[in-house]
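The next block holds one structure in the form of structure tokens; read it before the comments.
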There are 2 protein chains.
Amino acid sequence: MRLTRDQVVAGGLDLLDEVGLDGLTMRRLAASLGVQNGATYWHFSSKQALLEAMADRMLADVAAGLDAGLPWDGRIVETARRLRRALLSRRDGARLFSGVFFPLPNALAYGETMIGVLRDAGLGARDAVWAVDALTYYVVGHAAEEQLAAAVPEAAADRLTAALDPERHPHMLAAADDLAAPHPEEHFTYGLELLIEGIRGKIRQL
Amino acid sequence: MRLTRDQVVAGGLDLLDEVGLDGLTMRRLAASLGVQNGATYWHFSSKQALLEAMADRMLADVAAGLDAGLPWDGRIVETARRLRRALLSRRDGARLFSGVFFPLPNALAYGETMIGVLRDAGLGARDAVWAVDALTYYVVGHAAEEQLAAAVPEAAADRLTAALDPERHPHMLAAADDLAAPHPEEHFTYGLELLIEGIRGKIRQL
DNA sequence: ACCTGAACACCGTTCAAGT
DNA sequence: ACCTGAACACCGTTCAAGT
């Protein structure tokens, strides 16, 4: 059976879950597909091109079928959540996405949806784009940090507490339980609401 | 003259400006320091350890001497700007920082300062930490995108306009001039204000 | 204490040659 | 059209041996 482009992408995503982004090599991928080393280069001109295809595949359903009955802020929350879920669906998914240049089909669909919601809410073109940029940086940054913390199981927590000094970091020590973020969903929602509240302010000023 | 740890870090940062994060190799660094390949490993146990030291050095003055006379929102803006400037001070500085695990001295000082400002403003421990997390994801994400766009000079713009379809991306096309972000400072301030406005909302609820 | 020299086990990418 | 086999030019890391 010959290899298809889709199989290479799917194999890449499966391998990503197995070995993480740093362990993902073209040679391992070829091996896991039962093929020789150079074979994948017939389907993708470079590793970067493959990573882009993988990133976009990961975002497949982010912008599909958004409930038009929701108010604008509900639609923003829903779409941000979908992006978040997509990024978290694969190991190192957020890092994979942020290492890739933006204009990919599903990423564009996400952006277009988000901007559309804010324009419906009354924002001008520039405000809408810039607000979506802020939302996106937040969602991606949050997911990346969450996956980074998950990747460094115990060493992370130990190293953090070791680095914190009661003299110089009283505030961080006082919030140590919330720093380690054992409540990622609540944590995510908190920052998302901050941004949405800021957008509400902009809409009020219209 | 023998090599010092500091010289290795400084050489790493200079090389970063020259060749970018992807071009930064231990071998090139050794060559630029006029030393043999393995020599840097006496000063740093791994490339990752060196990258961490470089990232922290980059953040050296972010938390020093903040004007206590400013209102809380002015202090947040000032500190966020300093982090931004530090990240932009070196090529791929934002990507360097986000690839490194958080608890480094200057990064901790930054976090402590930010949390302190929000606690002064009246927020509880958890709210303050979570709000600072949101601010930091935003600052780093914004700087990373800005440096990524700067790294792909013209190909980026071309590829974006080529990918945009009037049928499917009317909103993005309508905002094309603001998408390419020829106004990075204004763009940065816009999103930062969104978050600060959200924090104002939290403080009002107290 | 600090560095050299040389090796080990990998990489991404290319490309003639096969089928 | 799609893949193999083999090579090229690199990597990070280790470590005996030198000074």
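Numbers restart at 1 for each chain; the letters A, B, ... are given by sequence-line order, proteins then strands.
In this structure, B:Gln36 and B:Arg27 have side chains that are not in contact, with every pair of non-hydrogen atoms separated by 4.5 Å or more. Side-chain contact between A:Glu197 and A:Leu194 is absent, with no heavy-atom pair separated by less than 4.5 Å.
Taking only side-chain atoms of A:His43, from C-beta outward, the nucleotide of D:dC3, C:dT14, D:dC11 with the closest atom is D:dC3. Looking at the side chain of A:Ser46, the nearest of the listed nucleotides C:dC3, D:dT4, C:dT13 is C:dT13.
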Start with the C-alpha gap between B:Arg95 and B:Asp22, add the side-chain angles, then the distance that decides, and say whether salt bridge (charged side-chain N to carboxylate O under 4.0 Å, His left out) holds. CA-CA 10 Å; B:Arg95 242 170 86 213; B:Asp22 295 331; 2.7 Å; yes
Verdict with reasoning, A:Arg84 to A:Glu146, per salt bridge (charged side-chain N to carboxylate O under 4.0 Å, His left out): CA-CA 11 Å; A:Arg84 168 172 167 75; A:Glu146 191 173 332; 2.9 Å; yes
Verdict with reasoning, B:Arg126 to A:Asp177, per salt bridge (charged side-chain N to carboxylate O under 4.0 Å, His left out): CA-CA 9 Å; B:Arg126 167 180 283 208; A:Asp177 293 343; over 6 Å; no
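Remark: A:His187 pairs with A:His142, B:Trp130 by the ring pair (Phe, Tyr, Trp, His ring centres under 6.0 Å) rule, at least two apart or across chains.
Between the base of C:dT4 and the side chain of B:Asn37 there is no donor-acceptor pair shorter than 3.5 Å.
Note: CZ (B:Phe44) to P (C:dC2) measures 13 Å, nearest angstrom. At whole-Å resolution of the value, CE in B:Met26 and P in C:dC3 are 13 Å apart. The nearest whole Å value for the distance from the CG atom in B:Leu51 to the C1' atom in D:dT13 is 14 Å. With rounding to whole Å, B:Leu33 atom CG is found 13 Å from C:dC3 atom C1'. Atom NZ of B:Lys47 and atom P of C:dC11 are 15 Å apart (whole Å). Computed from coordinates, the A:Leu29 CG to C:dG12 P distance equals 10 Å when rounded to whole Å. Here C:dT4 presents its C1' atom at 12 Å from CZ of B:Arg2, a figure rounded to the nearest Å. Going from atom CG of A:Leu3 over to atom C1' of D:dT4 covers 13 Å, rounded to whole Å.
Nucleotides of DNA chain C nearest to A:Ala39 and A:Thr25 differ in position, and the one nearer the 5' end is that of A:Thr25. Between A:Gly34 and B:Gly38, the residue anchored closer to the 5' end of DNA chain D is A:Gly34, taking for each the nucleotide with the nearest heavy atom. Residue whose closest nucleotide on DNA chain D sits further toward the 5' end, between A:Trp42 and A:Arg27: A:Trp42.
Between A:Gln36 and D:dC3 there is no side-chain N or O to OP1 or OP2 distance below 4.0 Å.
Using modelled atom types, one finds no donor on one side chain facing an acceptor on the other under 3.5 Å when comparing B:Ser46 with B:Tyr41.
In DNA chain D, stems built from 3 or more consecutive Watson-Crick or G-U wobble pairs, each with both distances under 3.5 Å, span C:4-8 with D:12-16, C:12-16 with D:4-8.
Distance check on atom P: D:dA9 versus C:dA9 gives 22 Å, rounded to whole Å.
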